[in-house]
There are 2 protein chains.
Amino acid sequence: MAMREGVRSGGRSARVQEAVHQAVKELEQLKTREELTVPQVASRAGVTPSTIYRRWGNLAELLADVSLERLRPDGEPPDTGSLAGDLQAWGEQYLEEMTSAPGLRGLNDVMASADSERRECCYRYSESIMATLCARAHARGEPAPSVDALVDGIIAPMTYRLLYDRETATSARLSEWIARTLVAID
Amino acid sequence: MAMREGVRSGGRSARVQEAVHQAVKELEQLKTREELTVPQVASRAGVTPSTIYRRWGNLAELLADVSLERLRPDGEPPDTGSLAGDLQAWGEQYLEEMTSAPGLRGLNDVMASADSERRECCYRYSESIMATLCARAHARGEPAPSVDALVDGIIAPMTYRLLYDRETATSARLSEWIARTLVAID
DNA sequence: TTCATAAAGCAAACATTTTGCGTTTGGTCG
DNA sequence: CGACCAAACGCAAAATGTTTGCTTTATGAA
């Protein structure tokens with residue numbers, strides 16, 4: 001009875017998804033984005049191309065789907081004892097991830113996807129991390145800006161620089177963004 | 001002698017480029033991005049597909065190339081008498097452009113391009129506008145932040161919200177970004 | 001176990017992309 | 001000005017990728 005929209009969750013369907021994702025991850029390391037094709041992925045995953053086309057639509061969506069997983073934060077950000085410290089620590093690690101070849105490709109794959117929901121998903125990841133750090137600050141009795149202010153003051157310039165002018169996405173600048181954002185607490 | 005890299009600038013080459021760009025602009029209004037194909041564009045431009053493939057590589061790059069033109073600022077931003085006013089006026093107009101269907105598509109096309117140079121180009125457009133407004137402020141004897149501070153404080157959150165959470169890219173928020181950025185002048 | 005149907009396989013039809021080769025045409029230099 | 005070289009284009013065949021109709025498999029619920 002709990003069947004809604006007729007989506008299959010377990011068994012073969014899940015196995016195929018897993019195999020295809022795995023195949024993409026493996027092939028990404030052997031080939032550039034340009035020379036990666038759906039038939040290749042299908043063949044390595046032991047699946048027919050039509051399965052991939054019917055499920056993901058095209059290569060861009062498949063890649064975005066796989067990359068979104070990689071972009072999802074996997075653990076709690078480290079607690080350094082202060083909001084500024086937490087932001088710096090988390091930001092530096094994020095910058096490092098995103099300036100690496102796979103991180104950059106992941107970012108691009110998500111940006112290239114026609115499905116805007118995926119980008120919103122990235123946004124929500126960042127938002128939830130900022131909320132976590134904010135909550136921590138409050139628990140410590142530390143004054144903290146709103147989550148929106150953190151997103152606008154730190155996430156936005158960091159992401160903007162990563163996307164538009166990679167060279168300037170540095171941890172030195174990160175410090176400035178943090179400082180500016182934290183002095184402006186109402 | 002002024003021939004560098006052997007790129008053709010005039011004559012047929014330019015005519016073909018113009019025809020292809022024109023064809024893309026026309027077809028964009030009749031079809032969605034999904035149903036637009038290289039052969040279609042070629043046919044409407046009176047050109048063979050192979051010409052397009054050899055020159056642009058693929059549809060994504062062609063669309064990004066065309067969209068980059070649209071994104072280029074075409075005139076001087078209006079002078080309102082104050083830096084805050086200039087930023088608000090320019091920003092509102094930019095937001096309006098970018099939340100429209102063609103503006104959004106243009107933004108997406110550039111983001112989907114594999115060529116990062118195009119994104120850097122967008123960055124430079126914004127940077128030069130901020131520089132213009134800064135120079136104006138200086139001429140008036142008004143205190144003004146650095147261009148980088150304006151980019152990080154205003155362009156970045158505006159672009160970030162446009163890309164990741166369109167609903168929140170509003171002129172009300174723009175006012176906040178401007179206020180925050182201008183009070184922080186060193 | 002049985003049943004209904006979502007999802008996968010298969011293969012043919014279809015569309016797009018690549019490529020080799022001959023032709024046109026800018027830009028430069030004698 | 002006229003000849004030359006190479007870039008860019010056209011054409012068409014070949015290779016490759018994508019879509020689609022139909023059949024088969026196997027999940028989840030009764």
Side-chain angles (χ1 to χ4, degrees), chain A residues 1-24 26-28 30-66 69 109 112-115, chain B residues 1-24 26-28 30-66 69 109 112-115:
Chain A
M1 202 212 194
M3 176 182 163
R4 156 207 84 185
E5 295 268 320
V7 189
R8 295 265 161 116
S9 48
R12 180 165 71 163
S13 201
R15 266 196 315 279
V16 165
Q17 154 135 349
E18 174 53 29
V20 170
H21 274 221
Q22 187 58 36
V24 168
E26 288 168 17
L27 283 173
E28 267 181 343
L30 304 175
K31 313 204 153 229
T32 74
R33 161 72 220 256
E34 292 289 286
E35 56 205 23
L36 208 104
T37 68
V38 169
Q40 268 173 9
V41 174
S43 151
R44 177 173 276 244
V47 158
T48 56
S50 66
T51 293
I52 293 183
Y53 286 116
R54 280 204 244 252
R55 214 163 142 170
W56 283 276
N58 56 46
L59 182 60
E61 295 306 312
L62 170 57
L63 294 183
D65 191 43
V66 172
E69 259 191 10
D109 287 344
S113 163
D115 184 355
Chain B
M1 202 207 195
M3 176 183 164
R4 159 205 82 188
E5 298 266 321
V7 189
R8 294 265 163 114
S9 48
R12 179 166 70 165
S13 201
R15 268 197 313 280
V16 166
Q17 154 136 350
E18 175 53 28
V20 170
H21 275 220
Q22 188 58 35
V24 168
E26 287 168 17
L27 283 173
E28 267 180 343
L30 304 175
K31 313 205 152 226
T32 75
R33 163 72 219 254
E34 292 289 284
E35 57 204 23
L36 217 131
T37 68
V38 170
Q40 267 173 10
V41 173
S43 151
R44 177 173 277 244
V47 158
T48 56
S50 66
T51 293
I52 294 182
Y53 286 115
R54 280 204 244 251
R55 215 163 142 169
W56 283 277
N58 55 47
L59 183 60
E61 295 307 311
L62 170 58
L63 294 183
D65 191 43
V66 173
E69 258 191 10
D109 287 343
S113 163
D115 184 356

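Just so we're clear, the structure is a prediction, and the values are computed from it rather than from any experiment. Chain letters run A, B, ... following the sequence lines, proteins first, then strands; residues in each count from 1.
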Gap between atom CD of B:Glu18 and atom CZ of B:Arg15 - 0.5 Å precision |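 Reported to 0.5 Å precision, the distance equals 11.5 Å.
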Rounded to the nearest angstrom, tell me the gap between atom [atom1] in [X] and atom [atom2] in [N].
| X | N | atom1 | atom2 | value |
| --- | --- | --- | --- | --- |
| A:Trp56 | D:dT19 | CH2 | P | 15 Å |
| B:Ile52 | D:dC11 | CD1 | P | 14 Å |
| A:Arg55 | D:dT19 | CZ | P | 17 Å |
| A:Glu18 | C:dA8 | CD | P | 14 Å |
| B:Arg12 | D:dA6 | CZ | P | 17 Å |

Could you pull out all donor-acceptor pairs under 3.5 Å where a side-chain atom in residues 54-63 of chain A meets a protein atom, sequence neighbours excluded?
{"residue": "A:Arg55", "atom": "NH1", "partner": "A:Ser13", "partner atom": "O", "Å": "3.1"}
{"residue": "A:Arg55", "atom": "NH2", "partner": "A:Gln17", "partner atom": "OE1", "Å": "2.9"}
{"residue": "A:Trp56", "atom": "NE1", "partner": "A:Asp65", "partner atom": "OD2", "Å": "3.0"}
{"residue": "A:Asn58", "atom": "OD1", "partner": "A:Ala60", "partner atom": "N", "Å": "3.2"}
{"residue": "A:Asn58", "atom": "OD1", "partner": "A:Glu61", "partner atom": "N", "Å": "3.0"}
{"residue": "A:Glu61", "atom": "OE1", "partner": "A:Ser113", "partner atom": "OG", "Å": "2.9"}
{"residue": "A:Glu61", "atom": "OE1", "partner": "A:Arg118", "partner atom": "NH2", "Å": "2.3"}
{"residue": "A:Glu61", "atom": "OE2", "partner": "A:Ser113", "partner atom": "OG", "Å": "3.3"}
{"residue": "A:Glu61", "atom": "OE2", "partner": "A:Ala114", "partner atom": "N", "Å": "2.9"}

Nearest heavy-atom pair of B:Ala42 and B:Thr48: which atoms, and what distance?
->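 So the two residues come closest at CB-C, 3.9 Å.
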Considering non-hydrogen atoms only, spot the tightest contact between A:Ala19 and A:Ala45 and give its length.
->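 The pair with the smallest heavy-atom distance is O-CB, 3.6 Å.
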With sequence neighbours excluded, what pairs up with B:Thr37 under the side chain to side chain contact (heavy atoms under 4.5 Å, CB included) test?
->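 With sequence neighbours excluded, B:Thr37 shows a side chain to side chain contact (heavy atoms under 4.5 Å, CB included) to B:Pro39, B:Gln40, given in chain and number order.
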A:Arg15, nearest nucleotide to its side chain (from D:dT27, D:dA8, C:dA8) |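 Looking only at side-chain atoms, A:Arg15 lies closest to D:dT27.
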Can you check nucleotides 18-21 of chain C for protein contacts, nitrogen or oxygen pairs under 3.5 Å, and list what you find?
{"residue": "C:dG20", "atom": "O6", "partner": "B:Arg54", "partner atom": "NH2", "Å": "2.4"}

Taking only residues at least two apart or on different chains, which pairs with a member in residues 31-52 of chain B satisfy salt bridge (Lys or Arg N to Asp or Glu O under 4.0 Å)?
->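 Salt bridge (Lys or Arg N to Asp or Glu O under 4.0 Å) check on residues 31-52 of chain B returns B:Glu26-B:Arg44, B:Arg33-B:Asp109.
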Not counting sequence neighbours, which residues clear salt bridge (Lys or Arg N to Asp or Glu O under 4.0 Å) with B:Glu69? List them please.
->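 With sequence neighbours excluded, B:Glu69 shows a salt bridge (Lys or Arg N to Asp or Glu O under 4.0 Å) to B:Lys25, given in chain and number order.
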Phosphate OP1/OP2 of D:dG10 contacted by B:Thr51 side-chain N/O (<4.0 Å) |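 So the side chain of B:Thr51 is within the cut-off, an N or O lying under 4.0 Å from OP1 or OP2 of D:dG10.
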Heavy-atom contacts under 4.0 Å between residues 33-48 of chain B and DNA chain D, which residues?
->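 Residues of residues 33-48 of chain B that come under 4.0 Å of DNA chain D are, in numerical order, B:Gly46, B:Val47, B:Thr48.
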Given A:Val41, A:Val16, A:Val24, the one that forms side chain to side chain contact (heavy atoms under 4.5 Å, CB included) with A:Ile52 |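 So, applying the side chain to side chain contact (heavy atoms under 4.5 Å, CB included) to A:Ile52 and each of A:Val41, A:Val16, A:Val24, only A:Val41 qualifies.
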